Every structure is written in structure tokens, then in C-alpha cells.
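Taking it in order: structure first as C-alpha cells, then the write-up.
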Number of protein chains: 2
Amino acid sequence: MKKTRLSPEAVKAKQAFESMKTACSNCNLRELCLPIGLADDELKKLDQLVSTRKRLKRGDHLYRAGQAFESIFAVRSGFFKTDVLIEDGRDQVTGFQMPGELLGLDGISNELHTCNAIALEDSEVCAIPFSQLEGLSRQIHTLQNHFHKVMSREIVRDHGVMMLLGTMRAEERLAAFLLNLSHRFKARGYSPIEFNLRMSRDEIGSYLGLKLETVSRAFSRFQDEGLLSVHQRKVCLLDPDGLHQLISHQRC
Amino acid sequence: MKKTRLSPEAVKAKQAFESMKTACSNCNLRELCLPIGLADDELKKLDQLVSTRKRLKRGDHLYRAGQAFESIFAVRSGFFKTDVLIEDGRDQVTGFQMPGELLGLDGISNELHTCNAIALEDSEVCAIPFSQLEGLSRQIHTLQNHFHKVMSREIVRDHGVMMLLGTMRAEERLAAFLLNLSHRFKARGYSPIEFNLRMSRDEIGSYLGLKLETVSRAFSRFQDEGLLSVHQRKVCLLDPDGLHQLISHQRC
DNA sequence: TCCTGTGTTTGATCCACGTCAACGCTCCCA
DNA sequence: TGGGAGCGTTGACGTGGATCAAACACAGGA
């Protein structure tokens, strides 16, 4: 880093800029993330808490299973996966996180992270010290309730994945996965029908309880049937309704 | 109900008895349930909140998917399952709950229950009005933190089930399930090696992502191999270590 | 006591997905 | 320009668990 001498005014301006950058109140994800529904003065208090940001390169670990839990993280930009490894070599991707989503909630239970969080592309996260978040949520009713809803939503999401893993066939699983991504991209202002997958076939397979070859075959099959087009990681959903029918249809 | 006239003393004694019955402070599950680690005066406040109890007969619904969410429930006695139904007829058991465990956490997210909770035997639960619980946990730091840990533990548990459904074979799943029950019975002072299953083969299968025939075959196989004995729903784990090895072993 | 319904076990067969293997595409660096 | 690494695709084949079907065990009621 180059060191340059700045005038006091410039320093002050720079500080303001830095703090503006990291503030929830100026984050365009605030309606997707923790600050939903907070009043201005409440947002300011949250700003003070969420002052630490962290940049990660593709492939970096945000945290690892077994590390002490201190903060939860909000994805500001980029894309993550979380996975669990067990001693005998089995592993499973437990989720993919995109901007506005929280990482690390599983660490609260034992004050240890129970999974690995890995950046799938260059990313940025806001660290939210958990004990301070508890403190603030004792003061701000709205924040407390919203945080509870976020945790509860994670439980509901997990039930959805259990349903997927327990009752669906390969193509149904992939269709459900793609539609889920589609909704989440849409909520973030991106195209719900055309997007780049940030994860490999192997990672998709691990998340869906399938082998990578099966994922690849399902993609090919969907393409043959005109449901989507796929080239490498670029996907275009040509017939989202068709994909949806695939899931909600009775088994034949 | 017979109506009998009681002396004032008797009325008072009866009231004390009733309130003693419903109090967390006298509940022998308090170290497994919400009140963990609370001081005496804090426990008293919690007692006031948890005043409603509910009895259910085997087969009764505690709540149904879609109903308004108002309270979470602590199992006081008995046994529950939760399951999710989707329109096309698919369903999946998402969990089995025993005394000291909480039900309804998934309802917080949208203020609607997202699954059905059904008593598998005659049971009793304590209803904990959620908004009051939030209020109290703003006052009692210990309660707040403990509640967060309980929710987080549920997320970790769900990840375990995802791992089970995503990576394990039928016999591994059943072994993991039985060992999990075993630990939870042990924590409640029951025998960890001999217990009655409260759920049918079909319900076990639904939870484990298997058909009932597969569950039945796995039981028979375990019995043939001397790992356990099973007659109807009565199970005796003869070789828990053997079951454990089955899970942690590499695939051949 | 038999009868009926519900849940469980067991056998025979089938098929979706896993496994193994070969090959293709892209990107990167020598 | 060539070559190698990392992913992704496709084919051939095997298998674990689903499906279908029959018989059995047990509980509750007449």
C-alpha cells in the first residue's frame, strides 16, 4: 500500500467515506438483510456494531468448522457455500449464500462453528459481533424479532432441503434448486431467468444428494426438453413453469 | 367433572398444587428445557409466562401447517412428530420431539406454522406465548442467549439430517437414527439401550428418506448380525459400538 | 372364540442413480 | 503453439433401494 500524506480535512472526508461505505444505513441490501424495518435512529446503532468488513478471494475460508464463534456474517457481495465434513471423508454442502444472507447461525449453539464457509467468488462480508447483536436486540424490539425470524427462516429452509433430499428424484431436485436460485436472484434485482452458477456440478450434487454425473445428465435432459439452455455455468431458464410442474407433479 | 365443596384451606392447597404442577421451577426437565441456567428469581418470571398446559391424546394435532403462530411449546411428557405435506401428496417427517424439547420454532418466520405437530402418544405440553418470551428475554440475558442457542441447535440438527439424507445408505441412516434416540433417552434418565419406539416403520422411513420395507429389512439385518434385538416397537441395542462403526466406516 | 383392521415382515422383480471409464472443452502457462 | 489441469459430458454397466405382492402378528370388538 502507498502511504500518502493527507490534510486534516481530507482525512476526515476519507473517514466519513469509509464509515459510509460500511454502514447498514447506506447498504442497498438493507431491506434483505438484518436492518429490515428499523427506524433511522435504530439503524444508526446497528451501523456502529457492523463496522468490520472483510474481503475474501475466491476459495478463501470465511471460517472453519471447530473455530470459536464470535460473529455472524452478512454477505455484502459475492457468493458462498457452507459445508460439513465428517471424519470418514463424507462431506455435504449445506447451503449457498448470496448477498443479504447471513452466515454462521449454526455456531451460536456451542460457540463453535460447525461447518466451513467458503467464498465461491471474490466476496465481501460484514462481521456482526454476536454478543453485541444480542445486546442491541435487547434494546431494539424490531431487531430482536427480525433476528428471530431470520433464524426461524433458516430452520424452514432446512426443512425444505430435507423434503427435497427425502422425497424427490434427481430431476425434481435440480429443478427445485434452479427455481430457488432464480427467486433469490430476482429478489436481488438480477435476472431470474438468466444467471451464472457460481458452483461446480460436484458442489450442486453434494447439496442435492446426487453425484456430479447425475447433475450433468439432468441438465442435459432439461436442455433436450427445451426447459433451459446451459453452457458451462451459464444457465437460461426457457420454461420456468415447466420446471415448476416437474416438481409439483404426482409421481407417475 | 364432579363438583365438590372445599374448605378455603383446601382451595388454597389445591391452587398451590396446580401452580406447582405447571411451574418450570419444579419441572424435572428444567435442565433440558428453556430454563437452563436461570437464577431463582428469573425462573419465577418464566413460571408466570408458562402457565398454560395442554394435554393431547395419541394422534391429536398440537398445531397444523398454516395456523397462526402464537406460542412455542415445550414437551412435558409424551412424544411428538412434526411433518410437512406438500400439495402433490408428498410428505416428510421433519423431526421427533421428546420431553424437554421445543416445538414450533419454524412458525416464527412468517407467524404461521409451517408443519404439523402430532402426538405419537398421550402427551402434555407447556405453551409459551412467543411475544411474551421475547419480552422476557429482553430482560433476562441468560434466557435470551439460551433461546438463541436452542434455535441454533435446531439448525445444527437439521444439518445433521441433511448429511444423513444426502450421504448415507439405508443401514447407516437407521443406525444413526437409533443412536440419536439412544442419546436422547439417556439424557432423560431412561435406558439408552432398551426402549420403545413411539413411531411406526412408515414414520421412521419418512424421516430417513426410506420406504417402510427398507426400514424393516434394515432392522432384520441388524438383528441377524447381533447388533440389536427388535420385537415390534421394542428395541434393545446389543452392540451400540457396532452400530456406531457402521456409520463412521468408509464406504467399501 | 373368531373376525377384522392395522402394522410388520419377507420375497421377487425393477429401475433410478451410482460407478467406472473415456473423451471434450476452456483456460492457463511454458 | 502445445500440453496439462480442472471441469463437464456421455456411455456402459452394476446395485441399492423402490415397488408389488403375499403372508403374518397383534389388538380390539362382537
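Nothing here was measured: the structure is a model prediction, and the numbers come from that model. Reminder, nothing fancy here: chain letters follow the sequence lines and each chain counts from 1.
Regarding A:Asp202, its CG atom lies at a distance of 8 Å from the P atom of D:dG8, rounded to whole Å. For the pair B:Met199 CE and C:dG7 P, the interatomic distance rounds to 15 Å; values are reported in whole Å. The CZ atom of A:Arg201 sits 15 Å away from the P atom of C:dC25 (whole-angstrom rounding). To the nearest angstrom, C1' of D:dG8 lies 7 Å from CD of A:Gln232. Whole-Å rounding puts the B:Glu172 CD to D:dG17 C1' distance at 14 Å. Distance CD (A:Glu171) to P (C:dC17): 8 Å, rounded to an integer number of Å. When the P atom of C:dG18 is taken as reference, atom CE of B:Met168 falls 16 Å away, rounded to whole Å. Across the protein-nucleic acid pair, B:Arg58 atom CZ and C:dT6 atom P stand 13 Å apart, rounded to whole Å.
For the salt bridge (Lys or Arg N to Asp or Glu O under 4.0 Å) with B:Glu124, the lone residue among B:Lys54, B:Arg55, B:Lys57, B:Arg76 that qualifies is B:Arg55.
Residues from residues 215-228 of chain A that place a heavy atom under 4.0 Å from any atom of DNA chain D, listed by number: A:Ser216, A:Arg217, A:Ser220.
For B:Arg188, the salt bridge (Lys or Arg N to Asp or Glu O under 4.0 Å) partners at least two apart in sequence or on another chain are B:Glu101. With sequence neighbours excluded, no residue forms a salt bridge (Lys or Arg N to Asp or Glu O under 4.0 Å) with B:Asp60. Partners of A:His113 by ring pair (Phe, Tyr, Trp, His ring centres under 6.0 Å), not counting sequence neighbours, listed by chain and number: A:Tyr63, A:Phe69. Residues passing the salt bridge (Lys or Arg N to Asp or Glu O under 4.0 Å) test with B:Arg30: none are found, sequence neighbours excluded.
A donor-acceptor contact under 3.5 Å is formed by the side chain of A:Glu213 with the base of C:dC20.
For A:Arg169, the side-chain atoms get nearest to C:dA16 when compared with the rest of C:dA16, D:dG8, C:dT8.
Listed by first and then second residue, the salt bridge (charged side-chain N to carboxylate O under 4.0 Å, His left out) pairs that reach into residues 106-117 of chain A are A:Glu111-B:Lys149, sequence neighbours excluded. The ring-ring contact (aromatic ring centres under 6.0 Å, His included) pairs that include a residue from residues 190-225 of chain B are B:Phe96-B:Tyr207, B:Phe177-B:Tyr207, B:Phe185-B:Phe195, where partners are two or more places apart or lie in different chains. Applying the side chain to side chain donor-acceptor pair (under 3.5 Å) test to pairs two or more places apart or on separate chains, none has a residue in residues 227-240 of chain A.
Nucleic acid contact class of B:Gly209 (heavy atoms, under 4.0 Å, all strands): sugar-phosphate only. As judged by a 4.0 angstrom heavy-atom cut-off over every strand, B:Leu212 is placed among the base-contacting residues.
Axis angle across the helix from C:dT1-D:dA30 to C:dA30-D:dT1, with five pairs used at each end and values rounded to 10°: 20°.
Side chain to side chain, B:Thr82 and B:Gln97 meet the donor-acceptor criterion of an N or O pair below 3.5 Å.
Side-chain N/O atoms of B:Arg233 include one lying less than 4.0 angstrom from OP1 or OP2 on C:dT8.
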